[in-house]
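For reference, the structure discussed in these notes is given below.
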Amino acid sequence: MENHSNYFSEVRLRYAPSPTGYLHVGGARTALYNFLYARKHKGKFILRIEDTDQERSSMESLKMVLADMKWLGLNWDEGPNAETLEGMGSYGPYKQSERLKIYDEVAQDLLKRGLAYYCFMTDAEIDAQRQTQMADGAAHPHLESPYETMALADAQAKIKSGEKAVVRFKTRHLKKDYHLNDLIRGDVHFPSDMVGDFVLLRSDGMPVYNFCCVVDDYKMKISHVLRAEEHLSNSLRQLMIYEAMSWPTPQFGHVSLVLDDDRQKLSKRKGATSCNQFREEGYLPEALLNFVALLGWSHPEEKEILSLQEMIDSFSTDRLHSSGAVFDRVKLKWVNAQHLRAKAPVEMWGLIEPFLKANNISFPEDRPWKFQSLEVFKNYLEIVSDAVPFYKLLDDKYFEILSESAEVLGWPTSRAVVQEWQNAVKEFAGTAFTEDDFNKLQDAVKIKSQTKGKNLFMPMRVAVIGKPHGTELKILVPLMSKASLISRAQKVLDSMK
RNA sequence: GUCCCCUUCGUCUAGAGGCCUAGGACGGCUCCCUUUCACGGAGCAGACACGAGUUCGAAUCUCGUAGGGGACGCCA
């Protein structure tokens, strides 16, 4: 028996995703809380891959999850390297599929000590037994395996002869309450008859979640486990295994669930739920983390816009709370806008440019122009992809006169305004406009066309961007070329014939 | 069905027996700024699930009811 005094001498937390698709936002939140706790207490953050479900796990998914974690900036100290997938750290392997020997040893120990047994029941037999129990009105129908009492040697002989068996944990002799001192929920009690003999090892030798989770948390010296509430009832099984092995238990904290707007567990059918989708839609990783952190945790001073470092500094489990939280995409957008608008121009352009290129939008290759345009559009952007329609306005190949302009162009004075505008641009001596230049041009149009107010403004705006509402012309026009303005006005004139 | 967890404005939340006439944020509405839109600013509406108890005093403690969620797999 190992000496367990001071077993958790280091703060070690883990996030343990199963690689069955992109990282889910609920998973990102769980990962974040573990990450924050580890960083706050100068501990280690470990990424462990729970890939014992061979059916659903894939290498592709693993790479996607790792990429999402990296994108979010939730860097792990131990676990598979995001590029090479090789384990980093001294408690590996970090993929459960590579730890089969470890689980097997523990299972053998349990078998030898009579705390687990080989069970040869078929699905049909299990089903039939359940039916009978239900018919008898049993309060807690649980599996009663005839193999529970079979001598280990006999069972081993059966297996040698080619029969398949699972390893089950014995629960029927455990007649007592188990309790968990949860960091978030306080004392939680479970009656032992809540569960029946459960599977430790599948018939193909693969361990099952509740088993390998305990083995790994112990072997990897995980000191704190923050996980989703859906695992709360799993804790009983895990507690039983800890007890059977005389292993010290980590501190558990069960975080509430992230819900959809119908208060069900967040599901894909209602829109984006994976971090990757949000990335593609133009959300910032720091904004997504910030938002998701607030779903079940609050800053001590109720500050809402937080950097990762601020979250680390102010994180504590006693501000984690226990009821489910609805994922409000509208507020996420607002949080994202706050982070986005706070960016320096260079950084913001770096974010926007890929979206423009992906949408085949052309733009001048000079820095002052880029930053000037950012200054103009910044306050209109909530997510990065919002930039696309704005920059489209400036790209001649996308210029079109929108139907909402029809009314404005129908006004009796509009034709004169557009014509005078075009003339004024044509007569302009320079090639690039300043705000001041624009004001002068506008005054000229005003006088010559004998209009003012919206009769002047709106047709001019249509002549520039093809629609009567939008960004202020005096800041937009300096971003455009003389030739472009002339040809746009011409298109509008042509459309008015 | 059984067991476990949860319940403050539409949503995220603050709240640890008197500081609560319940505060903030998103969203909504009104107004201001603006010859449009957005940004920004000012304001308004909006919640302690219900019922008992404990207490001089309850959003806060206890019990019950209702509602919601989760788990009951050779998924995690």
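Proteins get letters first, then strands, A, B, ... in listed order; numbering begins at 1 in each.
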Subject >> Annotated protein contacts, base or backbone, on nucleotides 5-13 of chain B with a non-hydrogen cut-off under 4.0 Å, one of B, S, - each >> reply: BSS---SBS
Subject >> B/S/- contact track for nucleotides 34-45 of chain B, protein heavy atom under 4.0 Å >> reply: -BBBSS------
Charged N-O contact under 4.0 Å between [X] and [Y]:
{"X": "A:E148", "Y": "A:K170", "value": "no"}
{"X": "A:K331", "Y": "A:E304", "value": "yes"}
{"X": "A:D53", "Y": "A:R56", "value": "yes"}

Using a 3.5 Å cut-off and no angle test, enumerate the donor-acceptor pairs between side-chain atoms of residues 375-385 of chain A and protein atoms at least two apart in sequence or in another chain.
{"from": "A:S385", "atom 1": "OG", "to": "A:E281", "atom 2": "O", "distance (Å)": "2.6"}

Subject >> Ring geometry between A:F120 and A:Y118 (parallel below 30°, tilted from 30 to 60°, perpendicular above 60°) >> reply: tilted
Subject >> N/O donor-acceptor pair, side chain A:S203 with base B:C74, under 3.5 angstrom >> reply: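 A donor-acceptor contact between them is present.
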Original post:
With a 4.0 Å cut-off on heavy atoms, is A:K265 in touch with a base, just the backbone sugar-phosphate, or nothing at all?
Top reply: sugar-phosphate
**OP:** For A:S18, report the nucleic acid contact type (base, sugar-phosphate, nothing); a contact means any heavy atom under 4.0 Å.
**Re:**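 A:S18: backbone/sugar contact only, no base atoms under 4.0 Å.
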Original post:
What nucleotide, of B:G73, B:A71, B:C3, holds the atom closest to the side chain of A:M194?
Top reply: B:C3
Original post:
Are A:H231 and A:Y209 near enough that their ring centres are under 6.0 Å apart?
Top reply: yes
